[in-house]
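Below, chains carry the letters A, B, ... as their sequence lines are ordered, and counting in each starts from 1. Quick caveat, the model's predicted, so the values are computed rather than measured.
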2 protein chains.
Amino acid sequence: MRQYPAACGLGIALAAISGKWKATILWELHSRPVRFGELRRRIPGISEKVLSEQLRAMETDGLIRRDVYDEVPPRVEYAVTPAGASLNATVHALAEWGLEHVSDIRAMATAGGR
Amino acid sequence: MRQYPAACGLGIALAAISGKWKATILWELHSRPVRFGELRRRIPGISEKVLSEQLRAMETDGLIRRDVYDEVPPRVEYAVTPAGASLNATVHALAEWGLEHVSDIRAMATAGGR
DNA sequence: ACAAGTACTGACTTAATTGTAAGCACCTAC
DNA sequence: GTAGGTGCTTACAATTAAGTCAGTACTTGT
């Protein structure tokens, strides 16, 4: 993994949401637990491979927990931990910043509409 | 550049601080304008090449402005724009989250001490 | 000439991340 | 057999980001 420098707190937070998908995944879990397939459908463009990898990393990092149910078809749910929920408050602030400054920011990669 | 998906606001914010160095650079500018060389010294591990690239990108994106003074030796200062200052509030929240959860988070890349 | 200061830039390499296209396992229904 | 549902995993390829090591320009000082 990329080593993040900087202020000790900021480095940790940046590592937590590093990469293209983690912040989005974390936000998709903010209101309730979600299953793998539903996550995949709600996040356009993400591959099963990358989704699986990111979920594993976030579970390892303590941001989310993975609940396996003894059912057929298999049912696995992902939910935020307290730490993940707390970080989601900041992710929400980021999104609000983005909405407020969408017209101020030039040459910025556009997000998919949602 | 990596294309960010997701909620339109979140995608824009993620693009704004994407990569290893942007959030840190933005934070280093939070209290006053700083010159290139000082930024380099205050951010351990960053190369001049990458610092220069990131500053250019952030200027293009409207997060910071670059002030050139007619002096010798050359004096160039970088300062946050209102949008950048606003985003720094969220960067600060991220850092606080990191400080609060440093002991909760496992297997997380450690940041350089500061 | 050398050294120091300032702020970069370019060629090339390395590292990290993401993407593509399969495949696996289990069950149920037709 | 086929199809559908569930949740992944693997081999390989492609893309992106960062790093290394030069180099540029200007001035001043020894």
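For D:dC8, the OP1/OP2 oxygens have a side-chain nitrogen or oxygen of A:Tyr78 closer than 4.0 Å. Listed pair B:Ser52 / C:dT9 meets the phosphate criterion, a side-chain N or O lying under 4.0 Å from OP1 or OP2.
Between the A:Trp97 side chain and the B:Ala83 main chain, a donor and an acceptor come within less than 3.5 Å of each other.
Distance A:Ile25 CD1 to D:dC8 P: 12 Å, rounded to the nearest Å. In this structure, B:Arg66 places its CZ atom 16 Å from P of C:dT6, rounding to the nearest Å. For the pair A:Arg56 CZ and C:dT18 P, the interatomic distance rounds to 18 Å; values are reported in whole Å. In this structure, the CZ atom of A:Arg75 is 19 Å from the P atom of C:dC27, given to the nearest Å. The CG-P distance, from B:Asp67 to C:dC8, rounds to 12 Å in whole Å. In this entry the distance linking CD of B:Glu71 with P of D:dT28 reads 13 Å, nearest Å. Following rounding to the nearest Å, B:Ile17 (CD1) and D:dA17 (P) show an atom-to-atom distance of 14 Å. Rounded to an integer number of Å, the gap from CD of A:Glu77 to P of D:dC8 is 12 Å.
Legend: residues meeting salt bridge (charged side-chain N to carboxylate O under 4.0 Å, His left out) with B:Arg65, ordered by chain and number and at least two apart, are B:Asp67. For B:Val34, the side chain to side chain contact (heavy atoms under 4.5 Å, CB included) test picks out B:Leu29, B:Arg32, B:Glu38, B:Leu39, B:Arg42, with sequence neighbours left out. Remark: A:Arg40 engages A:Glu48 in a salt bridge (charged side-chain N to carboxylate O under 4.0 Å, His left out) (not counting sequence neighbours).
Listed by first then second residue, pairs satisfying side chain to side chain donor-acceptor pair (under 3.5 Å) with a partner in residues 87-96 of chain B number zero, not counting sequence neighbours. Applying the ring-ring contact (aromatic ring centres under 6.0 Å, His included) test to pairs two or more places apart or on separate chains, none has a residue in residues 33-82 of chain A. Within the structure, every pair that satisfies the salt bridge (charged side-chain N to carboxylate O under 4.0 Å, His left out) test and touches residues 77-89 of chain B, not counting sequence neighbours, is listed here: B:Arg75-B:Glu77.
A:Glu100 contributes atom CD, which lies 6.0 Å from atom OG of B:Ser86 (distance to the nearest 0.5 angstrom). To the nearest 0.5 angstrom, A:Ser18 atom OG is 11.0 Å from B:Leu14 atom CG. The distance from the OG1 atom of B:Thr24 to the CD1 atom of B:Ile17 is 9.5 Å, given to the nearest 0.5 Å. If you take CZ on A:Arg66 and CG on A:Leu55, they are separated by 9.0 Å, rounding to the nearest 0.5 Å. Between the CD1 atom of A:Ile43 and the CD1 atom of A:Ile25 there is a distance of 5.0 Å, given to the nearest 0.5 Å.
Neither A:Leu99 nor B:Leu63 shares a network with the other; the hydrophobic side chains, linked directly or stepwise wherever heavy atoms of I, L, V, M, F, W or Y lie under 4.5 Å apart, form separate groups for each.
Of the residues in residues 31-39 of chain A, A:Arg35, A:Phe36, A:Gly37 come within less than 4.0 Å of DNA chain D through at least one heavy atom, sorted by number.
A rotation axis mapping the C1' atoms of four pairs onto the next four is fitted at both ends of the helix from C:dA1-D:dT30 to C:dC30-D:dG1 over five pairs, and the angle between these axes is 30° to 10 degrees.
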Report, one pair per line, the protein and nucleotides 1-5 of chain C atoms (nitrogen or oxygen only) whose separation is under 3.5 Å.
none

Could you go through nucleotides 18-23 of chain D and list every protein N or O atom that sits under 3.5 Å from one of its N or O atoms, giving the distance for each pair?
residue: D:dA18; atom: OP1; partner: B:Lys20; partner atom: N; Å: 2.4
residue: D:dA18; atom: OP2; partner: B:Gln54; partner atom: NE2; Å: 3.4
residue: D:dG19; atom: OP1; partner: B:Lys20; partner atom: NZ; Å: 2.9
residue: D:dG19; atom: OP2; partner: B:Trp21; partner atom: NE1; Å: 3.2
residue: D:dG19; atom: N7; partner: B:Lys49; partner atom: NZ; Å: 3.4
residue: D:dG19; atom: O6; partner: B:Lys49; partner atom: NZ; Å: 2.6

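Checked for salt-bridge contact, B:Glu53 and B:Arg56 miss the test: no charged N lies under 4.0 Å from a carboxylate O.
No contact: A:Arg40 has no heavy atom under 4.0 Å from any strand.
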